[in-house]
Protein chains: 2
Amino acid sequence: MSTAAGRRRPATIHDVAREAGVSRGTVSRVLNGGHYVSPAAKAAVDAAIRRTGYVVNRHARSLITGKSDSVAFLLTEPQERFFEDPNFNVLLRGCTQALAAQDIPLLLMIAGTEDERRRNLRYIEAGHVDGVLLVSSHSGDPVVDRLHAAGVPVVACGKPLGQTARIGYVAADDRGGAQDMVRHLHATGRRRIATVTGPLDTPGGVERLAGYRETLAECGLPYDEDLVATGDYSRRGGEAAARLLLDRAPDLDAVFVASDLMALGVLDTLDRAGRRVPEDIAVGGFDDSPAALASRPSLTTLRQPWDRISAEMVRTLLARIAGEDPVTVILPTELVRRDSA
Amino acid sequence: MSTAAGRRRPATIHDVAREAGVSRGTVSRVLNGGHYVSPAAKAAVDAAIRRTGYVVNRHARSLITGKSDSVAFLLTEPQERFFEDPNFNVLLRGCTQALAAQDIPLLLMIAGTEDERRRNLRYIEAGHVDGVLLVSSHSGDPVVDRLHAAGVPVVACGKPLGQTARIGYVAADDRGGAQDMVRHLHATGRRRIATVTGPLDTPGGVERLAGYRETLAECGLPYDEDLVATGDYSRRGGEAAARLLLDRAPDLDAVFVASDLMALGVLDTLDRAGRRVPEDIAVGGFDDSPAALASRPSLTTLRQPWDRISAEMVRTLLARIAGEDPVTVILPTELVRRDSA
DNA sequence: CTGAAAGCGCTTACAG
DNA sequence: CTGAAAGCGCTTACAG
């Protein structure tokens, strides 16, 4: 086939038509589902396609259909955090592969700077992609509104906060996960259960705190503000929050931390304070990141179903592109028991 | 502008021409560099573009130019390893951003399975991208030959081993980095310096070992096979290699490990064996991954210039697409001194 | 410097 | 079921 050096002029629909002895319209019909085509014609075209090694020219197709048959994966600032998050890789890989199964390429777009954001929005608003998989942690991110205003199908990863526009999203069950963890801590005898939350302008911050609070009530435990500290999803933030908690409530016997990374910081602080985990204080994380396994003690945590999240994002985006209404998908998390609680 | 719901029919070159009072050919000339256009005409067209919000239809352009103005980032199996590698993120992000600066979208392609490989190759060979940024750790990867045979411009990350085809690549100076580390170990008084290599069918495996060996000679130290163990870039592989080394050469006083991840395994083994780092045994890694900072003791290691690697990959690929010959770029690493050596 | 025209490779009503 | 034809939005020699 492709023996000679350099690129050969690729076969066109015209070559296939000549080879098969039919018109170009018939070839096109075979390419697009084979409706209104006789079995004989279809067979001839299929054979001709094989002989000529024909592959459709997507640019020509897109020019006339007005669709690009491609999808953007758009990461808005601050992307650094995501690029350090191993879960992000799982998400990106999952989306790429789910799209590839439908022969849809994924365009990776990073809107870290203002300039990049302008560029990417211009590209998307020009109709160069059929839809957008959006990863944005930014509450009230203007990108969401811009995309919505442009009429571009969008599916977000996680609930977009502070949005008026109704856009579809796929998220893990943050609240349910938090409930599972607090129930577990309670069931193993803990009664002074503290929490380190995520930033309260993120879904994970708000929802996991809500789940914590609800389960406390369910277990007949009082809600005590001294047991609640706000973190920023960083390891250092976890350290500081744990110091604050230890200071305000030295008698605490468990901490539910809204992310594994922060939980590592909590472990550091507890270690320095001479508190043993889990003997004195149980620690539960969230994410089931690789660090959860590597830490000492290994972390009891909640696994987010990133593989299912990516699959659902792609599925619902394609449905949206096909004209369906935006939907919300909430996927369950799974409690992973290790040594810390 | 884009107020109403849904997508508006976007402006075409025709609209711009009418608005500016010139022909479509003139608009096109302005779009493509403004050569052979009078200042007055150019000004009129620029104004019309601004008024109409015109954005070029890339499909139409590509159809006629035969170029896609897009580039693939192709990851061949086993991709899992790369997706766990934080350096991979830096590389991917760097490539995306360097391309974005030229308004060239990056198509992310993962060829993990045979099916995915077929799909991606078909897409690329059909001429749907102008070039490929290739990340392949596989010695003798057939993808390289296929791409070369198809005449698609390619730039690889790291030296492609076992290839007859001459393709361009960008790599860190593995050998020089290894030399720096061994010199450092020697300069700090170590005389029984062992090494844990990477797999010997990878450039990092081969080159870092070569650098180790050369520097031993340079320092007047004998090359002793008992001091060389082969790893597989995994933490467990590092553990096992260290046990082997300790067994064969209990008097060793330093280990140069060809990756940080393996170095963590080495630290585990040394810890269990009761050897103190760095007092009894110095340990040097390679990569400067986040784990290098998090480990105890923190790891002395070699930083790979991933930001420069990505920039050079994009630069040389674009040059190659423009018709230049393939080139090789070797970028220096940097010794990062921390606590382990 | 500029316009008119051809043509890139496809899809899709429109007749038959 | 099938062919002929129009047209998607652009670029690029070709005349002027």
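Just so we're on the same page: letters track the sequence lines, and every chain starts at 1. Values below: every heavy atom of this structure, side chains too, minus hydrogens, waters and symmetry copies.
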Can you tell me how far C1' of D/dG16 sits from OH of B/Y36, to the nearest Å?
16 Å

Rounded to the Å, how far apart are B/D69 CG and D/dC10 P?
14 Å

Between P on C/dT11 and NE2 on A/H14, what's the gap in Å once rounded to a whole number?
15 Å

Rounded to the nearest angstrom, tell me the gap between atom NE2 in A/H59 and atom P in C/dC10.
11 Å

Quick check on DNA chain C: between A/L63 and A/G25, whose nearest nucleotide comes earlier from the 5' end?
A/L63

To the nearest Å, give me how far apart CG (A/N57) and C1' (C/dG9) are.
6 Å

Let's go through A/K42 and A/D46 carefully: what are the C-alpha distance in whole Å and the side-chain angles of both, what is the deciding distance for salt bridge (Lys or Arg N to Asp or Glu O under 4.0 Å) to 0.1 Å, and is it a yes or a no?
CA-CA 6 Å; A/K42 174 158 169 33; A/D46 284 339; 2.8 Å; yes

Answer yes or no: is there a side-chain heavy-atom contact under 4.5 Å between A/L317 and A/V132?
no

Below 4.0 angstrom from OP1 or OP2 of C/dT2, is there any side-chain N or O of B/S23?
no

Base-pairing mate for D/dA4 - Watson-Crick or G-U, with both contacts under 3.5 Å
none

C/dG7 C1' sits how many Å from B/R61 CZ, rounded?
17 Å

Ignoring hydrogens and geometry beyond distance, is the side chain of B/R29 in donor-acceptor contact with the base of C/dG3 at under 3.5 Å?
yes

Counting only side-chain nitrogens and oxygens, does B/N32 get under 4.0 Å of the OP1 or OP2 atom of D/dT11?
yes

What is the separation between atom NE2 on A/H35 and atom P on C/dA13, rounded to the nearest whole Å?
14 Å

Euclidean distance for P, C/dA13 against C/dG9 (whole angstrom)
23 Å

Any donor-acceptor N/O pair, A/S28 side chain to A/R24 backbone, under 3.5 Å
no

Output yes when A/R315 and A/E312 qualify as a salt bridge under the 4.0 Å nitrogen-oxygen rule, no when they do not.
yes

Describe the nucleic acid contact of A/S38 in one word from base, sugar-phosphate, nothing, applying a heavy-atom distance below 4.0 Å.
sugar-phosphate

Does the structure show a Watson-Crick or G-U wobble partner for C/dA13, both distances under 3.5 Å? Name it, or say none.
none

What I want to find out is whether B/E114 reaches B/R117 closely enough, with some N-O distance under 4.0 Å, to be called a salt bridge.
yes

How is A/T12 classified with respect to the nucleic acid when contacts are heavy atoms under 4.0 Å: base, sugar-phosphate, or nothing?
sugar-phosphate

Examine C/dT11: is either OP1 or OP2 under 4.0 Å from a nitrogen or oxygen in the side chain of A/T65? Give yes or no.
no

Can you tell me if the side-chain N/O atoms of B/Y54 get under 4.0 Å from OP1 or OP2 in D/dC10?
yes

Calculate the interatomic distance between B/R24 atom CZ and C/dA4 atom P; express it in whole Å.
9 Å

